[in-house]
Amino acid sequence: MSTQTSNSPSIAIIGAGMSGMLMAIKLIRAGKTNFTLFEKAKKIGGVWRENRYPGVACDVASFSYCYAFEPKSDWTRRFSGGAEIQAYFEHVAKKYNLEKYLKAETLVTDATFTDGEWVVTTDKGDTQRFTLLVDATGPLNNKIYPKIDGIDSFDGKMVHTADWDDNYDYAGKRVGIIGSGSSGVQATWPIAQKASHLTTFIRTPQWIMPTPNPHYSEFQKMLKRQFPFLGWITRKFYDWIGEQFGRAALNDGWRRKGVAKWCESNLNSIKDEALREKLRPDHQAMCKRMIVSENYYDAMQQDNVHVERNDITGIEKNGVRTADGQLHELDMIVLATGFHPNTWGVESIHGPNGVSLDSVWNKGEEKSRNYHSIGVPGLPNFFVLIGPNSPITNLSLIDIADIGVDYVLKCLEKFDNGEISTMAPKASAATAFGESLMTSFDDTIWVTGCSSWYFDGSTVPQTWPWAPSHFRETLKEPRWDDYEIT
Ligand code: NAP
(Lines give C-alpha, C1' and ligand atoms only; values in the text may rest on other atoms or scores of the structure.)
Protein backbone atom coordinates (compact mmCIF):
# COMPACT_ATOMS: atom_id res chain seq x y z
CA MET A 1 0.00 0.00 0.00
CA SER A 2 1.40 3.42 -0.97
CA THR A 3 0.41 6.41 1.12
CA GLN A 4 0.33 10.05 0.04
CA THR A 5 3.13 11.81 1.88
CA SER A 6 2.22 15.48 1.53
CA ASN A 7 0.26 17.15 4.34
CA SER A 8 -2.22 18.80 1.98
CA PRO A 9 -5.42 16.78 1.51
CA SER A 10 -5.04 14.24 -1.23
CA ILE A 11 -7.72 13.80 -3.85
CA ALA A 12 -8.70 10.87 -6.04
CA ILE A 13 -10.51 11.89 -9.20
CA ILE A 14 -12.19 9.03 -11.02
CA GLY A 15 -12.57 9.65 -14.74
CA ALA A 16 -10.48 11.81 -17.07
CA GLY A 17 -13.31 13.10 -19.21
CA MET A 18 -14.46 16.70 -19.46
CA SER A 19 -15.41 17.00 -15.77
CA GLY A 20 -12.51 15.04 -14.24
CA MET A 21 -10.04 17.00 -16.34
CA LEU A 22 -11.67 20.23 -15.23
CA MET A 23 -11.30 19.18 -11.58
CA ALA A 24 -7.64 18.34 -12.18
CA ILE A 25 -6.86 21.55 -14.05
CA LYS A 26 -8.58 23.79 -11.51
CA LEU A 27 -6.57 22.07 -8.76
CA ILE A 28 -3.37 22.70 -10.70
CA ARG A 29 -4.33 26.33 -11.28
CA ALA A 30 -4.93 26.66 -7.52
CA GLY A 31 -1.46 25.23 -6.85
CA LYS A 32 -2.84 21.98 -5.37
CA THR A 33 -1.19 19.04 -7.02
CA ASN A 34 -1.71 16.29 -4.47
CA PHE A 35 -4.18 14.38 -6.61
CA THR A 36 -4.42 11.37 -8.88
CA LEU A 37 -6.58 11.20 -11.97
CA PHE A 38 -7.76 7.63 -12.53
CA GLU A 39 -8.89 6.68 -16.03
CA LYS A 40 -10.02 3.24 -17.17
CA ALA A 41 -9.06 3.90 -20.82
CA LYS A 42 -5.73 4.67 -22.47
CA LYS A 43 -6.50 8.33 -23.10
CA ILE A 44 -8.35 11.29 -21.64
CA GLY A 45 -11.59 12.50 -23.24
CA GLY A 46 -14.47 10.47 -21.79
CA VAL A 47 -17.54 10.58 -24.02
CA TRP A 48 -15.59 12.30 -26.80
CA ARG A 49 -13.01 9.54 -26.82
CA GLU A 50 -15.65 6.80 -26.75
CA ASN A 51 -18.32 8.22 -29.07
CA ARG A 52 -16.74 8.17 -32.51
CA TYR A 53 -19.81 7.14 -34.52
CA PRO A 54 -20.35 8.98 -37.84
CA GLY A 55 -21.98 12.35 -37.26
CA VAL A 56 -21.15 12.54 -33.55
CA ALA A 57 -21.27 16.17 -32.51
CA CYS A 58 -22.15 18.38 -29.58
CA ASP A 59 -25.48 20.17 -29.68
CA VAL A 60 -24.14 22.85 -27.35
CA ALA A 61 -22.51 25.58 -29.46
CA SER A 62 -18.73 25.25 -29.82
CA PHE A 63 -17.99 28.58 -28.15
CA SER A 64 -19.94 27.46 -25.07
CA TYR A 65 -18.68 23.89 -24.98
CA CYS A 66 -15.13 24.59 -23.85
CA TYR A 67 -13.52 25.63 -20.58
CA ALA A 68 -14.10 29.33 -19.92
CA PHE A 69 -10.40 29.81 -19.07
CA GLU A 70 -9.28 27.98 -22.24
CA PRO A 71 -11.30 29.53 -25.06
CA LYS A 72 -10.66 28.45 -28.65
CA SER A 73 -10.98 30.99 -31.42
CA ASP A 74 -10.88 28.72 -34.46
CA TRP A 75 -13.77 26.30 -34.02
CA THR A 76 -14.67 25.11 -37.50
CA ARG A 77 -18.47 25.04 -37.07
CA ARG A 78 -21.26 26.41 -34.90
CA PHE A 79 -21.68 22.91 -33.38
CA SER A 80 -18.44 20.98 -33.38
CA GLY A 81 -17.96 17.37 -34.32
CA GLY A 82 -16.71 14.86 -31.76
CA ALA A 83 -13.18 14.60 -33.22
CA GLU A 84 -12.64 18.36 -33.00
CA ILE A 85 -13.84 18.41 -29.38
CA GLN A 86 -11.61 15.46 -28.49
CA ALA A 87 -8.65 17.28 -30.12
CA TYR A 88 -9.48 20.36 -27.98
CA PHE A 89 -9.44 18.31 -24.76
CA GLU A 90 -6.19 16.58 -25.78
CA HIS A 91 -4.64 20.00 -26.44
CA VAL A 92 -5.74 21.29 -23.02
CA ALA A 93 -4.53 18.09 -21.28
CA LYS A 94 -1.14 18.59 -22.86
CA LYS A 95 -0.98 22.24 -21.93
CA TYR A 96 -1.58 21.42 -18.24
CA ASN A 97 0.63 18.33 -18.37
CA LEU A 98 -2.17 16.12 -17.06
CA GLU A 99 -0.11 13.09 -18.06
CA LYS A 100 1.86 13.65 -14.85
CA TYR A 101 -1.21 12.98 -12.68
CA LEU A 102 -2.96 10.47 -14.90
CA LYS A 103 -3.23 6.78 -14.08
CA ALA A 104 -4.48 5.57 -17.43
CA GLU A 105 -5.77 2.08 -18.17
CA THR A 106 -6.56 1.83 -14.48
CA LEU A 107 -10.06 0.94 -13.40
CA VAL A 108 -11.06 1.89 -9.87
CA THR A 109 -12.70 -1.27 -8.57
CA ASP A 110 -13.40 -0.28 -4.97
CA ALA A 111 -13.33 2.77 -2.74
CA THR A 112 -13.86 2.27 0.97
CA PHE A 113 -13.79 4.97 3.62
CA THR A 114 -11.60 3.63 6.42
CA ASP A 115 -10.04 5.51 9.36
CA GLY A 116 -10.98 8.90 7.97
CA GLU A 117 -9.71 8.32 4.45
CA TRP A 118 -10.77 6.78 1.17
CA VAL A 119 -8.87 3.63 0.33
CA VAL A 120 -8.99 3.34 -3.43
CA THR A 121 -8.28 -0.03 -5.04
CA THR A 122 -7.70 -0.53 -8.75
CA ASP A 123 -7.78 -3.45 -11.14
CA LYS A 124 -3.98 -3.38 -11.04
CA GLY A 125 -4.16 -4.42 -7.41
CA ASP A 126 -2.83 -1.03 -6.19
CA THR A 127 -4.27 0.54 -3.08
CA GLN A 128 -3.87 4.22 -2.29
CA ARG A 129 -5.33 6.46 0.45
CA PHE A 130 -6.97 9.82 -0.23
CA THR A 131 -8.74 12.48 1.81
CA LEU A 132 -11.36 13.25 -0.86
CA LEU A 133 -12.98 11.17 -3.57
CA VAL A 134 -14.38 12.94 -6.62
CA ASP A 135 -16.54 10.83 -8.92
CA ALA A 136 -16.24 12.33 -12.40
CA THR A 137 -17.40 9.31 -14.36
CA GLY A 138 -20.27 11.20 -15.96
CA PRO A 139 -23.95 10.30 -16.11
CA LEU A 140 -23.79 8.33 -19.38
CA ASN A 141 -20.95 5.84 -19.54
CA ASN A 142 -22.71 2.51 -19.16
CA LYS A 143 -23.88 1.37 -22.60
CA ILE A 144 -27.22 -0.38 -23.09
CA TYR A 145 -26.99 -3.54 -25.17
CA PRO A 146 -30.68 -4.29 -25.66
CA LYS A 147 -32.09 -7.65 -24.69
CA ILE A 148 -33.47 -8.66 -28.07
CA ASP A 149 -34.10 -12.33 -28.83
CA GLY A 150 -31.29 -13.81 -30.90
CA ILE A 151 -29.06 -10.73 -30.68
CA ASP A 152 -25.94 -12.89 -30.45
CA SER A 153 -26.83 -14.85 -33.55
CA PHE A 154 -26.31 -11.98 -36.01
CA ASP A 155 -23.61 -12.87 -38.54
CA GLY A 156 -22.85 -9.33 -39.68
CA LYS A 157 -21.20 -6.41 -37.91
CA MET A 158 -22.85 -5.09 -34.75
CA VAL A 159 -21.65 -2.01 -32.86
CA HIS A 160 -22.96 0.26 -30.15
CA THR A 161 -22.66 3.95 -31.04
CA ALA A 162 -20.34 4.42 -28.06
CA ASP A 163 -18.12 1.56 -29.17
CA TRP A 164 -17.62 2.33 -32.84
CA ASP A 165 -15.23 0.24 -34.93
CA ASP A 166 -13.22 2.74 -37.01
CA ASN A 167 -11.85 -0.09 -39.14
CA TYR A 168 -15.21 -1.30 -40.44
CA ASP A 169 -16.21 0.33 -43.72
CA TYR A 170 -19.98 0.47 -44.07
CA ALA A 171 -19.86 2.05 -47.56
CA GLY A 172 -22.14 0.13 -49.91
CA LYS A 173 -23.48 -2.03 -47.05
CA ARG A 174 -27.03 -2.57 -45.78
CA VAL A 175 -27.12 -0.89 -42.40
CA GLY A 176 -29.79 -0.86 -39.69
CA ILE A 177 -29.89 1.65 -36.85
CA ILE A 178 -31.84 0.66 -33.73
CA GLY A 179 -32.76 3.74 -31.68
CA SER A 180 -33.71 7.30 -32.52
CA GLY A 181 -32.31 9.35 -29.65
CA SER A 182 -29.57 11.96 -30.12
CA SER A 183 -26.98 9.35 -31.13
CA GLY A 184 -29.20 7.51 -33.61
CA VAL A 185 -30.36 10.76 -35.21
CA GLN A 186 -26.82 12.13 -35.53
CA ALA A 187 -25.61 8.91 -37.14
CA THR A 188 -28.46 8.76 -39.65
CA TRP A 189 -27.36 11.38 -42.18
CA PRO A 190 -23.73 10.29 -42.66
CA ILE A 191 -24.62 6.61 -42.77
CA ALA A 192 -27.42 7.27 -45.28
CA GLN A 193 -24.87 8.96 -47.57
CA LYS A 194 -22.56 5.95 -47.77
CA ALA A 195 -24.64 2.86 -47.09
CA SER A 196 -26.37 1.14 -49.99
CA HIS A 197 -29.50 0.96 -47.84
CA LEU A 198 -30.36 2.19 -44.35
CA THR A 199 -33.22 0.89 -42.20
CA THR A 200 -33.98 2.98 -39.12
CA PHE A 201 -35.86 1.01 -36.45
CA ILE A 202 -37.82 3.62 -34.54
CA ARG A 203 -39.75 2.59 -31.43
CA THR A 204 -40.55 6.16 -30.37
CA PRO A 205 -40.13 9.01 -32.87
CA GLN A 206 -38.77 12.20 -31.34
CA TRP A 207 -39.18 15.86 -32.11
CA ILE A 208 -36.32 17.35 -34.06
CA MET A 209 -35.31 20.98 -33.79
CA PRO A 210 -33.90 22.18 -37.13
CA THR A 211 -30.64 23.84 -36.28
CA PRO A 212 -28.28 24.91 -39.08
CA ASN A 213 -24.64 24.17 -38.47
CA PRO A 214 -22.61 26.50 -40.71
CA HIS A 215 -18.84 26.47 -40.99
CA TYR A 216 -16.95 29.50 -39.68
CA SER A 217 -15.01 31.25 -42.45
CA GLU A 218 -11.28 31.95 -42.22
CA PHE A 219 -12.17 35.63 -41.85
CA GLN A 220 -14.42 34.92 -38.85
CA LYS A 221 -11.70 32.80 -37.25
CA MET A 222 -9.14 35.53 -37.84
CA LEU A 223 -11.40 38.12 -36.22
CA LYS A 224 -11.93 35.92 -33.15
CA ARG A 225 -8.17 35.31 -32.93
CA GLN A 226 -7.41 39.03 -33.16
CA PHE A 227 -10.20 40.12 -30.83
CA PRO A 228 -10.72 37.42 -28.18
CA PHE A 229 -13.63 39.34 -26.68
CA LEU A 230 -15.63 38.37 -29.82
CA GLY A 231 -15.31 34.72 -28.76
CA TRP A 232 -16.37 35.72 -25.25
CA ILE A 233 -19.44 37.56 -26.58
CA THR A 234 -20.31 34.58 -28.80
CA ARG A 235 -20.11 32.30 -25.77
CA LYS A 236 -22.37 34.63 -23.76
CA PHE A 237 -24.84 34.75 -26.63
CA TYR A 238 -25.09 30.96 -26.89
CA ASP A 239 -25.24 30.63 -23.10
CA TRP A 240 -28.23 32.98 -23.20
CA ILE A 241 -29.90 30.98 -25.98
CA GLY A 242 -29.30 27.78 -24.02
CA GLU A 243 -30.87 29.36 -20.95
CA GLN A 244 -34.00 30.27 -22.93
CA PHE A 245 -34.42 26.63 -24.04
CA GLY A 246 -33.82 25.50 -20.49
CA ARG A 247 -36.61 27.76 -19.28
CA ALA A 248 -38.97 26.37 -21.91
CA ALA A 249 -38.69 22.99 -20.20
CA LEU A 250 -39.52 24.41 -16.77
CA ASN A 251 -42.81 26.24 -17.32
CA ASP A 252 -45.54 26.32 -19.89
CA GLY A 253 -45.32 29.62 -21.74
CA TRP A 254 -44.20 31.34 -24.92
CA ARG A 255 -40.81 29.66 -24.97
CA ARG A 256 -42.32 26.17 -24.80
CA LYS A 257 -44.95 27.02 -27.39
CA GLY A 258 -42.23 28.44 -29.66
CA VAL A 259 -40.14 25.27 -29.45
CA ALA A 260 -43.23 23.14 -30.15
CA LYS A 261 -44.12 25.21 -33.23
CA TRP A 262 -40.57 25.12 -34.53
CA CYS A 263 -40.42 21.32 -34.24
CA GLU A 264 -43.88 20.94 -35.76
CA SER A 265 -43.00 23.04 -38.79
CA ASN A 266 -39.81 21.02 -39.21
CA LEU A 267 -41.87 17.83 -39.24
CA ASN A 268 -44.21 19.41 -41.76
CA SER A 269 -41.27 19.89 -44.12
CA ILE A 270 -41.50 16.15 -44.86
CA LYS A 271 -43.32 15.96 -48.18
CA ASP A 272 -44.76 12.46 -47.99
CA GLU A 273 -47.72 12.38 -45.60
CA ALA A 274 -47.37 8.71 -44.68
CA LEU A 275 -43.71 9.19 -43.79
CA ARG A 276 -44.55 12.36 -41.85
CA GLU A 277 -47.10 10.46 -39.76
CA LYS A 278 -44.65 7.62 -39.19
CA LEU A 279 -42.26 10.13 -37.71
CA ARG A 280 -44.81 12.10 -35.67
CA PRO A 281 -44.03 11.88 -31.94
CA ASP A 282 -46.87 11.25 -29.49
CA HIS A 283 -45.40 13.38 -26.70
CA GLN A 284 -44.55 17.06 -26.29
CA ALA A 285 -41.29 18.46 -27.64
CA MET A 286 -38.54 18.41 -24.95
CA CYS A 287 -40.30 15.75 -22.83
CA LYS A 288 -37.60 13.37 -24.00
CA ARG A 289 -34.12 14.84 -24.57
CA MET A 290 -34.43 17.53 -27.27
CA ILE A 291 -32.74 16.55 -30.51
CA VAL A 292 -31.23 19.05 -32.89
CA SER A 293 -30.39 18.25 -36.48
CA GLU A 294 -30.12 20.10 -39.74
CA ASN A 295 -30.42 17.08 -42.00
CA TYR A 296 -32.21 14.18 -40.27
CA TYR A 297 -35.47 14.59 -42.18
CA ASP A 298 -33.53 15.05 -45.44
CA ALA A 299 -31.93 11.66 -44.86
CA MET A 300 -35.29 10.11 -44.00
CA GLN A 301 -36.61 11.21 -47.40
CA GLN A 302 -33.76 9.59 -49.35
CA ASP A 303 -34.67 6.64 -51.60
CA ASN A 304 -32.18 4.34 -49.87
CA VAL A 305 -33.65 4.98 -46.40
CA HIS A 306 -36.52 3.02 -44.89
CA VAL A 307 -38.29 3.95 -41.66
CA GLU A 308 -39.49 0.89 -39.74
CA ARG A 309 -42.04 1.44 -36.99
CA ASN A 310 -43.04 -2.17 -36.38
CA ASP A 311 -41.58 -3.55 -33.16
CA ILE A 312 -38.46 -5.64 -33.37
CA THR A 313 -39.29 -9.23 -32.46
CA GLY A 314 -35.85 -10.70 -32.86
CA ILE A 315 -32.43 -10.57 -34.44
CA GLU A 316 -31.36 -13.44 -36.65
CA LYS A 317 -28.27 -14.53 -38.55
CA ASN A 318 -29.12 -12.29 -41.53
CA GLY A 319 -30.88 -9.33 -39.99
CA VAL A 320 -33.70 -7.95 -37.88
CA ARG A 321 -37.20 -9.49 -37.76
CA THR A 322 -40.13 -7.16 -37.05
CA ALA A 323 -43.64 -7.79 -35.71
CA ASP A 324 -45.15 -7.81 -39.20
CA GLY A 325 -43.05 -10.93 -39.87
CA GLN A 326 -40.60 -9.21 -42.22
CA LEU A 327 -36.89 -10.01 -42.06
CA HIS A 328 -34.80 -6.88 -42.77
CA GLU A 329 -31.59 -8.30 -44.20
CA LEU A 330 -28.56 -6.35 -43.00
CA ASP A 331 -24.76 -6.34 -43.11
CA MET A 332 -24.41 -4.06 -40.12
CA ILE A 333 -26.54 -3.22 -37.06
CA VAL A 334 -25.87 -0.01 -35.16
CA LEU A 335 -27.16 -0.07 -31.59
CA ALA A 336 -28.03 3.55 -30.83
CA THR A 337 -29.79 2.30 -27.73
CA GLY A 338 -28.33 4.69 -25.17
CA PHE A 339 -27.01 4.25 -21.67
CA HIS A 340 -27.95 3.23 -18.15
CA PRO A 341 -27.64 6.65 -16.50
CA ASN A 342 -25.99 7.52 -13.20
CA THR A 343 -24.22 4.25 -12.59
CA TRP A 344 -21.24 6.11 -11.14
CA GLY A 345 -18.50 4.14 -12.87
CA VAL A 346 -17.35 2.34 -9.74
CA GLU A 347 -18.99 -0.91 -8.70
CA SER A 348 -18.26 -0.64 -5.05
CA ILE A 349 -18.15 2.53 -2.94
CA HIS A 350 -18.43 1.99 0.79
CA GLY A 351 -18.70 4.58 3.53
CA PRO A 352 -18.56 3.96 7.27
CA ASN A 353 -21.25 2.14 9.30
CA GLY A 354 -22.29 -0.20 6.52
CA VAL A 355 -23.41 2.65 4.26
CA SER A 356 -22.59 2.13 0.59
CA LEU A 357 -23.44 3.94 -2.61
CA ASP A 358 -25.55 0.94 -3.55
CA SER A 359 -27.45 0.94 -0.23
CA VAL A 360 -28.24 4.66 -0.49
CA TRP A 361 -28.54 5.25 -4.21
CA ASN A 362 -29.93 1.98 -5.57
CA LYS A 363 -31.76 0.60 -2.55
CA GLY A 364 -32.40 3.63 -0.37
CA GLU A 365 -35.55 5.71 -0.15
CA GLU A 366 -35.96 7.72 -3.31
CA LYS A 367 -36.42 11.02 -1.50
CA SER A 368 -33.11 10.87 0.35
CA ARG A 369 -30.67 9.48 -2.16
CA ASN A 370 -28.61 12.49 -2.99
CA TYR A 371 -27.80 15.94 -1.70
CA HIS A 372 -27.97 18.84 -4.18
CA SER A 373 -26.71 16.46 -6.90
CA ILE A 374 -23.17 16.67 -5.49
CA GLY A 375 -23.16 14.46 -2.40
CA VAL A 376 -24.62 11.30 -0.95
CA PRO A 377 -25.72 11.08 2.69
CA GLY A 378 -23.49 8.87 4.82
CA LEU A 379 -20.56 8.99 2.38
CA PRO A 380 -17.97 11.41 3.79
CA ASN A 381 -15.63 13.46 1.62
CA PHE A 382 -17.35 12.17 -1.50
CA PHE A 383 -18.37 14.46 -4.35
CA VAL A 384 -20.05 13.74 -7.68
CA LEU A 385 -19.63 16.03 -10.67
CA ILE A 386 -22.74 16.19 -12.91
CA GLY A 387 -24.55 13.96 -10.42
CA PRO A 388 -28.20 12.90 -10.50
CA ASN A 389 -30.63 15.83 -10.40
CA SER A 390 -28.07 18.27 -11.74
CA PRO A 391 -29.52 20.51 -14.50
CA ILE A 392 -28.42 18.25 -17.38
CA THR A 393 -31.38 19.34 -19.44
CA ASN A 394 -31.19 23.08 -18.99
CA LEU A 395 -27.53 23.94 -18.57
CA SER A 396 -24.43 22.95 -20.52
CA LEU A 397 -22.66 20.02 -18.86
CA ILE A 398 -19.45 22.00 -18.92
CA ASP A 399 -21.08 24.67 -16.75
CA ILE A 400 -22.52 22.07 -14.37
CA ALA A 401 -19.09 20.50 -13.97
CA ASP A 402 -17.54 23.93 -13.44
CA ILE A 403 -19.99 24.80 -10.67
CA GLY A 404 -19.38 21.42 -9.01
CA VAL A 405 -15.60 21.76 -9.22
CA ASP A 406 -15.71 25.22 -7.61
CA TYR A 407 -17.86 23.75 -4.82
CA VAL A 408 -15.29 21.01 -4.17
CA LEU A 409 -12.52 23.63 -4.14
CA LYS A 410 -14.40 25.62 -1.49
CA CYS A 411 -14.76 22.51 0.67
CA LEU A 412 -11.11 21.75 0.11
CA GLU A 413 -10.12 25.09 1.65
CA LYS A 414 -11.55 23.94 4.99
CA PHE A 415 -9.55 20.73 4.80
CA ASP A 416 -6.47 22.70 3.82
CA ASN A 417 -6.85 25.02 6.80
CA GLY A 418 -7.19 22.04 9.10
CA GLU A 419 -10.70 23.17 10.07
CA ILE A 420 -12.35 19.88 9.17
CA SER A 421 -11.29 16.34 8.45
CA THR A 422 -14.57 14.83 7.26
CA MET A 423 -17.85 16.14 5.87
CA ALA A 424 -20.89 14.13 4.80
CA PRO A 425 -24.34 15.44 3.87
CA LYS A 426 -26.82 14.83 6.68
CA ALA A 427 -29.64 12.43 5.87
CA SER A 428 -32.09 15.18 6.86
CA ALA A 429 -30.54 17.59 4.31
CA ALA A 430 -30.77 14.97 1.54
CA THR A 431 -34.39 14.29 2.49
CA ALA A 432 -35.24 18.00 2.46
CA PHE A 433 -33.70 18.25 -1.01
CA GLY A 434 -35.55 15.09 -2.16
CA GLU A 435 -38.86 16.38 -0.84
CA SER A 436 -38.47 19.73 -2.55
CA LEU A 437 -37.67 17.91 -5.80
CA MET A 438 -40.80 15.81 -5.53
CA THR A 439 -43.04 18.84 -5.34
CA SER A 440 -41.27 20.92 -7.99
CA PHE A 441 -41.70 19.01 -11.24
CA ASP A 442 -45.41 19.62 -11.81
CA ASP A 443 -44.97 22.38 -14.40
CA THR A 444 -41.98 20.86 -16.12
CA ILE A 445 -42.11 19.29 -19.53
CA TRP A 446 -40.48 16.03 -18.37
CA VAL A 447 -43.63 14.85 -16.55
CA THR A 448 -46.04 15.51 -19.42
CA GLY A 449 -46.17 11.87 -20.48
CA CYS A 450 -43.20 10.19 -22.12
CA SER A 451 -40.61 7.67 -21.08
CA SER A 452 -37.02 8.79 -20.99
CA TRP A 453 -33.72 7.93 -19.35
CA TYR A 454 -34.27 10.95 -17.07
CA PHE A 455 -36.52 8.72 -14.92
CA ASP A 456 -34.31 5.66 -14.71
CA GLY A 457 -36.72 3.92 -12.34
CA SER A 458 -37.46 7.03 -10.23
CA THR A 459 -40.89 8.57 -9.82
CA VAL A 460 -39.45 12.01 -10.59
CA PRO A 461 -36.95 12.80 -13.35
CA GLN A 462 -33.32 12.97 -12.31
CA THR A 463 -33.06 16.51 -13.55
CA TRP A 464 -33.13 19.93 -11.89
CA PRO A 465 -36.66 21.35 -11.87
CA TRP A 466 -35.50 24.91 -11.31
CA ALA A 467 -33.65 27.51 -13.38
CA PRO A 468 -29.89 27.16 -13.90
CA SER A 469 -29.41 30.30 -11.76
CA HIS A 470 -30.96 28.39 -8.85
CA PHE A 471 -28.35 25.65 -9.30
CA ARG A 472 -25.54 28.23 -9.33
CA GLU A 473 -26.98 29.81 -6.19
CA THR A 474 -27.48 26.46 -4.42
CA LEU A 475 -23.91 25.36 -4.99
CA LYS A 476 -22.32 28.78 -4.63
CA GLU A 477 -21.20 28.07 -1.08
CA PRO A 478 -21.32 24.82 0.88
CA ARG A 479 -24.11 25.02 3.46
CA TRP A 480 -22.15 23.74 6.40
CA ASP A 481 -25.24 23.20 8.55
CA ASP A 482 -26.31 20.52 6.07
CA TYR A 483 -23.20 18.46 6.80
CA GLU A 484 -22.04 16.12 9.54
CA ILE A 485 -18.57 17.43 10.16
CA THR A 486 -15.60 16.20 12.13
P1 NAP B 1 -31.30 7.56 -25.88
O2 NAP B 1 -31.67 8.98 -26.02
O3 NAP B 1 -31.55 6.89 -24.59
O4 NAP B 1 -32.01 6.81 -27.06
C5 NAP B 1 -32.02 5.40 -27.11
C6 NAP B 1 -32.89 4.99 -28.28
O7 NAP B 1 -32.85 3.58 -28.40
C8 NAP B 1 -34.36 5.38 -28.10
O9 NAP B 1 -34.87 5.74 -29.33
C10 NAP B 1 -34.98 4.09 -27.60
O11 NAP B 1 -36.35 3.98 -27.85
C12 NAP B 1 -34.20 3.09 -28.42
N13 NAP B 1 -34.18 1.75 -27.86
C14 NAP B 1 -33.60 1.35 -26.72
N15 NAP B 1 -33.78 0.03 -26.55
C16 NAP B 1 -34.48 -0.41 -27.62
C17 NAP B 1 -34.99 -1.66 -28.03
N18 NAP B 1 -34.81 -2.76 -27.29
N19 NAP B 1 -35.69 -1.74 -29.19
C20 NAP B 1 -35.87 -0.63 -29.94
N21 NAP B 1 -35.42 0.58 -29.62
C22 NAP B 1 -34.73 0.69 -28.47
O23 NAP B 1 -29.74 7.32 -26.20
P24 NAP B 1 -28.72 8.22 -27.06
O25 NAP B 1 -29.30 8.58 -28.36
O26 NAP B 1 -27.41 7.52 -27.05
O27 NAP B 1 -28.63 9.53 -26.23
C28 NAP B 1 -28.39 9.46 -24.82
C29 NAP B 1 -28.06 10.83 -24.33
O30 NAP B 1 -26.71 11.12 -24.67
C31 NAP B 1 -28.85 11.96 -24.92
O32 NAP B 1 -30.13 12.08 -24.37
C33 NAP B 1 -27.96 13.12 -24.63
O34 NAP B 1 -28.10 13.52 -23.31
C35 NAP B 1 -26.58 12.49 -24.83
N36 NAP B 1 -26.11 12.80 -26.18
C37 NAP B 1 -25.82 14.08 -26.43
C38 NAP B 1 -25.38 14.44 -27.65
C39 NAP B 1 -25.07 15.88 -27.90
O40 NAP B 1 -25.09 16.30 -29.02
N41 NAP B 1 -24.77 16.66 -26.88
C42 NAP B 1 -25.26 13.50 -28.67
C43 NAP B 1 -25.56 12.17 -28.40
C44 NAP B 1 -25.99 11.83 -27.14
P45 NAP B 1 -37.43 4.56 -26.81
O46 NAP B 1 -37.37 6.06 -26.94
O47 NAP B 1 -38.70 3.97 -27.24
O48 NAP B 1 -36.99 4.09 -25.45
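Owing to the predicted nature of the structure, the values given are computational and were not obtained by experimental measurement. When a ligand or atom number is given, it counts from 1 through the structure's own listing order.
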Heavy-atom gap K288 to ligand 1 smaller than 4.0 Å: yes
From the candidates G338, S180, G82, the one that places a heavy atom nearest atom 1 (P) of ligand 1: G338
Enumerated ligand 1 atoms positioned under 4.0 Å from heavy atoms of C58: 40 (O)
Short N or O distance, A57 and ligand 1, threshold 3.5 Å exclusive: yes
Flag side-chain contact, heavy atom, 4.5 Å: I398 against S64: no
N or O pair under 3.5 Å between Q186 and ligand 1: yes
Residue and atom name of the nearest protein heavy atom (relative to atom 2 (O) of ligand 1), distance in Å to one decimal: G181 CA, 3.7 Å
Test applied, salt bridge (charged side-chain N to carboxylate O under 4.0 Å, His left out); reference residue, E329; option that passes from K317, R321, R174: R174
Heteroatom proximity flag, S182 to ligand 1, N/O under 3.5 Å: yes
Beyond-backbone contact of I291 with Y296, side-chain heavy atoms, under 4.5 angstrom: no
Identity and separation of the nearest protein heavy atom to atom 5 (C) of ligand 1: A336 O, 3.4 Å
contact_flag S451 ligand 1 heavy-atom lt 4.0 Å: no
Heavy-atom proximity to atom 28 (C) of ligand 1, best of F201, W453, Y454: W453
Polar atom proximity, T161 to ligand 1 (N or O, under 3.5 Å): no
F339 to ligand 1, any heavy atom closer than 4.0 Å: yes
Side-chain ion pair, E277 and R280, N-O less than 4.0 Å: yes
Beyond-backbone contact of M300 with I202, side-chain heavy atoms, under 4.5 angstrom: yes
E218 bridged to K221 by N-O distance under 4.0 Å: yes
Short N or O distance, L140 and ligand 1, threshold 3.5 Å exclusive: no
Pick from S293, G184, S183: the one approaching atom 25 (O) of ligand 1 most closely through a non-hydrogen atom: S183
Whether Y53 lies under 4.0 Å from ligand 1, heavy atom: yes
Side-chain heavy atoms of R49 within contact of F89, under 4.5 Å: no
Check: H328 ring centre within less than 6.0 Å of F201 ring centre: yes
Sub-6.0 Å ring centroid separation between F441 and Y454: no
Pairwise side-chain contact, N142 with N342, heavy-atom cut-off 4.5 Å (strictly under): no
